[in-house]
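These numbers come from the heavy atoms of this one structure, side chains and all, not from hydrogens, waters or symmetry mates. Reminder, nothing fancy here: chain letters follow the sequence lines and each chain counts from 1.
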Amino acid sequence: MSSKKKDELTSFEWKVLRTTAGIPLGQTRSYKWVAKAIGKPKAVRAVGQALNKNPFAPLIPCHRVIRENGALGGYAGGAKRKKELLQLEKEIVQKLRQRP
DNA sequence: AAGTACCGTTAAA
DNA sequence: TTTAACGGTACTT
């Protein structure tokens, strides 16, 4: 799977995408959290960039990654969209909780 | 509060 | 090849 060789993406991207994809539904993490998880707590900017160019487009919950500050940060489809997405996911979790 | 430095990749010149 | 920019964060003014 994730070889050190270049397929289309670099190891950095793989780590970012993998980590982002591992975020549970209805949950959010900060760019810093992701950056740290991949071993580059300073590359928060690079992380954001990787998500922006997200090769897995809508298949990766890049919208679950927000700012450490609490702000949503940016989003390829629009920060507005991101906000709605998070809200929707939150509701889904709520529904699952009330009727297992 | 505002500006600067830094991370890693892509696009442009 | 070199420069600029970006979906951030922390440090310094």
- Covered region of DNA chain C, 5' end to 3' end, by chain A [heavy atoms, under 4.0 Å]: dC6(C) to dA10(C)
- Message: Is any side-chain heavy atom of Lys40(A) closer than 4.5 Å to one of Phe12(A)?
- Response: yes
- Can you list, by residue number, the residues of residues 23-32 of chain A that have a non-hydrogen atom closer than 4.0 angstrom to DNA chain C? Tyr31(A), Lys32(A)
- Task: Output yes when a side-chain donor or acceptor of Asn54(A) lies under 3.5 Å from a complementary backbone atom of Phe56(A), and no otherwise.
- Result: yes
- What's the spacing between Ile60(A) CD1 and Arg18(A) CZ if we round to 0.5 Å? 10.5 Å
- Query: Of the non-hydrogen atoms in Pro61(A) and Thr20(A), which two are nearest, and what is the gap between them?
  - Reply: CG-O, 3.4 Å
- Query: In dot-bracket, 5' to 3', how would DNA chain C read with Watson-Crick or G-U wobble pairs under 3.5 Å, [ ] for crossing ones and | for pairs to another strand?
  - Reply: ||||||.||||||
- side chain to side chain contact (heavy atoms under 4.5 Å, CB included) between Thr28(A) and Leu86(A), worked out: CA-CA 8 Å; Thr28(A) 54; Leu86(A) 290 168; 3.5 Å; yes
- Item | Thr19(A): partners by side-chain contact (heavy atoms from CB on, under 4.5 Å), with sequence neighbours left out | Trp33(A), Val34(A), Ala37(A), Ile38(A)
- For DNA chain B, what residues of residues 82-93 of chain A have any heavy atom nearer than 4.0 Å? none
- Task: Share the residues that join Leu96(A) in a hydrophobic cluster, the rule being Ile, Leu, Val, Met, Phe, Trp or Tyr side chains under 4.5 Å apart at the heavy-atom level.
- Result: Leu25(A), Leu88(A), Ile92(A), Val93(A)
- Message: The criterion is side-chain contact (heavy atoms from CB on, under 4.5 Å); which residues satisfy it with Pro55(A), sequence neighbours excluded?
- Response: Leu9(A), Glu13(A), Leu17(A)
- State, with a plain yes or no, whether a side-chain heavy atom of Val16(A) is found less than 4.5 Å away from one of Leu51(A). yes
- Query: Where along residues 58-80 of chain A does a heavy atom come under 4.0 Å from DNA chain B, residue by residue in number order?
  - Reply: none
- Would you mind building the protein contact string for nucleotides 2-7 of chain B? One character per nucleotide, 5' to 3', B for base within reach (heavy atoms under 4.0 Å), S for sugar-phosphate only, - for untouched. ----BB
- What are the two closest non-hydrogen atoms of Ala79(A) and Leu72(A), and how far apart are they? O-CD1, 3.9 Å
- List in chain and number order the residues that pass side chain to side chain donor-acceptor pair (under 3.5 Å) with Arg29(A), two or more places apart in sequence or in another chain; answer none if no residue qualifies. Gln27(A)
- Message: Rounding to an integer number of angstrom, what distance separates dT4(B) and dA4(C) when you compare their P atoms?
- Response: 15 Å
- Heavy atoms only: give me the nearest Ala35(A)-Ala43(A) pair and the separation to one decimal. CB-C, 4.3 Å
- Query: Nearest-Å distance, CG (Leu9(A)) to C1' (dT9(B))?
  - Reply: 11 Å
- What residues join Leu85(A) in its hydrophobic cluster, counting side-chain heavy atom gaps under 4.5 Å, either direct or through other members? Tyr75(A)
- Query: Can you list every salt bridge (Lys or Arg N to Asp or Glu O under 4.0 Å) pair that touches residues 73-94 of chain A, not counting sequence neighbours?
  - Reply: Arg64(A)-Glu89(A)
